[in-house]
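Just below is one structure, and these are the notes that go with it.
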Amino acid sequence: MGESEFVYVAYIATTPEKLWEALTDGDFTQRYWGGRRIQSDWNVGSPVRHVRSDGGIDWQGEVLQSQRPHLLSYTFHMQISDEHRDERPSRVTFELQSVGSVVKLTLTHNGFEAGSTTFETTFHGWPAIMSSLKSLLETGSPLPFKGLGFGPSGKQA
Amino acid sequence: MDDVFRALASPSRRRLLDRLHSKNGQTLNELCKGARMTRQAVTKHLALLEAANLVVTTWQGREKLHYLNSVPIHEIYERWIGKYERHRLQALSELKKGLESKQVNITEKRYG
């Protein structure tokens, strides 16, 4: 089990409410997540989409848990290639926990198929996205880097 | 960030991170098996890595699993490498690699 999942943690100087907004609001995700807008009404069972500026969909899923501003979970099905599309959806969970004056953001991504291409794509992508998100919330600007696959540049590996 | 640099300053701890990179989500027992250290030393190093947020642990039933958390490394990368002209460092790193691999060839010839 441990091998086919990963857990990332970032401590971010913000509030759980702001961080929740950053994770769920398309205007916000667009700024730190390669111009992609996340779209959902965030009710359990509702669809989630991650939409590029050209209208294409990077990944889609369904809301599994939505307890504002502490717990957010959705299925995750990448659409960027046939290989990704052919895999079964995996699962993304965000936990937001106040620790003193900062928020501990824990991302768990699991439920991958054995040898999953999505695993490879996201394993290296999430740390970049989380750093960019942290930077945006703490300094007002996202990270400017490019070409890190599933990362803030929006370029795919 | 000081914690992260301090944690990364030890070759034993870097090796533990490398091992989690090749196989994520390992128990203490698994990590002890391949390590050339006592269980106590591994435990100590893991605690330090966890304090620096380079390792994250979760409980799965009765097992504590250790995961590599590369978010702080990414922050260092952006703050300290991206800023100082990444492409030049890359060129230097390639030059070093090239020279070192040549040296290996020479050594092999001489003693081979």
Side-chain angles (χ1 to χ4, degrees), chain A residues 1-13 19 32 90-91 93-95 97 99-100 102-112 114-116 119-120 122-139 141-153, chain B residues 1-4 7-8 16-34 46-90:
Chain A
M1 180 78 187
E3 207 175 340
S4 62
E5 68 174 353
F6 47 80
V7 185
Y8 288 127
V9 171
Y11 291 88
I12 304 177
L19 186 50
Y32 68 88
S90 48
R91 179 184 175 134
T93 304
F94 290 103
E95 288 165 83
Q97 187 188 356
V99 181
V102 301
V103 182
K104 179 183 181 186
L105 174 66
T106 306
L107 159 75
T108 308
H109 197 155
N110 54 19
F112 296 101
S116 163
F119 179 92
E120 289 305 319
T122 53
F123 181 61
H124 297 288
W126 281 121
I129 293 160
M130 286 173 81
S131 308
S132 183
L133 165 63
K134 179 178 158 78
S135 173
L136 177 59
L137 284 169
E138 291 183 350
T139 69
S141 19
L143 293 174
F145 54 81
K146 287 192 174 109
L148 277 166
F150 170 71
S153 69
Chain B
M1 206 166 258
D2 287 354
D3 286 355
V4 181
L8 289 172
L16 284 170
L17 293 178
D18 280 342
R19 291 187 48 212
L20 287 176
H21 184 263
S22 57
K23 183 176 186 268
N24 215 357
Q26 297 191 57
T27 61
L28 176 62
N29 277 342
E30 283 177 275
L31 287 167
C32 283
K33 255 177 223 162
L46 285 174
L48 228 141
L49 288 168
E50 200 176 346
N53 196 27
L54 288 165
V55 163
V56 177
T57 58
T58 62
W59 285 93
Q60 222 148 71
R62 292 171 60 184
E63 287 200 315
K64 190 184 188 184
L65 302 180
H66 299 77
Y67 292 88
L68 169 68
N69 184 33
S70 45
V71 177
I73 296 176
H74 207 90
E75 284 161 24
I76 286 179
Y77 178 76
E78 288 308 323
R79 169 67 182 80
W80 293 99
I81 299 177
K83 189 171 168 182
Y84 299 115
E85 298 179 71
R86 197 170 306 156
H87 57 280
R88 282 199 197 171
L89 289 177
Q90 199 176 347

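By convention in this document, chain letters (A, B, ...) are assigned in the order of the sequence lines, proteins followed by strands, and residues within each chain are numbered from 1.
Annotation: B:E30, atom CD; neighbour count of heavy atoms from other residues, nucleotides and ligands within 6.0 Å is above 12.
B:V56 and A:V9 make their closest contact through CG2-CG2, 3.4 Å (heavy atoms, listed as atom of the first residue, atom of the second, distance). Across all their heavy atoms, B:V71 and A:S131 have their closest contact at O-OG, 3.7 Å. B:Y67 and A:F6 make their closest contact through CD2-CA, 4.0 Å (heavy atoms, listed as atom of the first residue, atom of the second, distance). The minimum heavy-atom distance linking A:E5 with B:N24 is given by the pair O-ND2, 3.9 Å. Between A:Y8 and B:L68, the closest heavy-atom pair is CE2-O, 3.7 Å.
With rounding to the nearest 0.5 Å, the separation of NZ in A:K134 from NE2 in B:H74 is 13.0 Å.
Of the atoms belonging to B:T58, it is side-chain heavy atoms, and not backbone ones, that fall under 4.5 Å from chain A.
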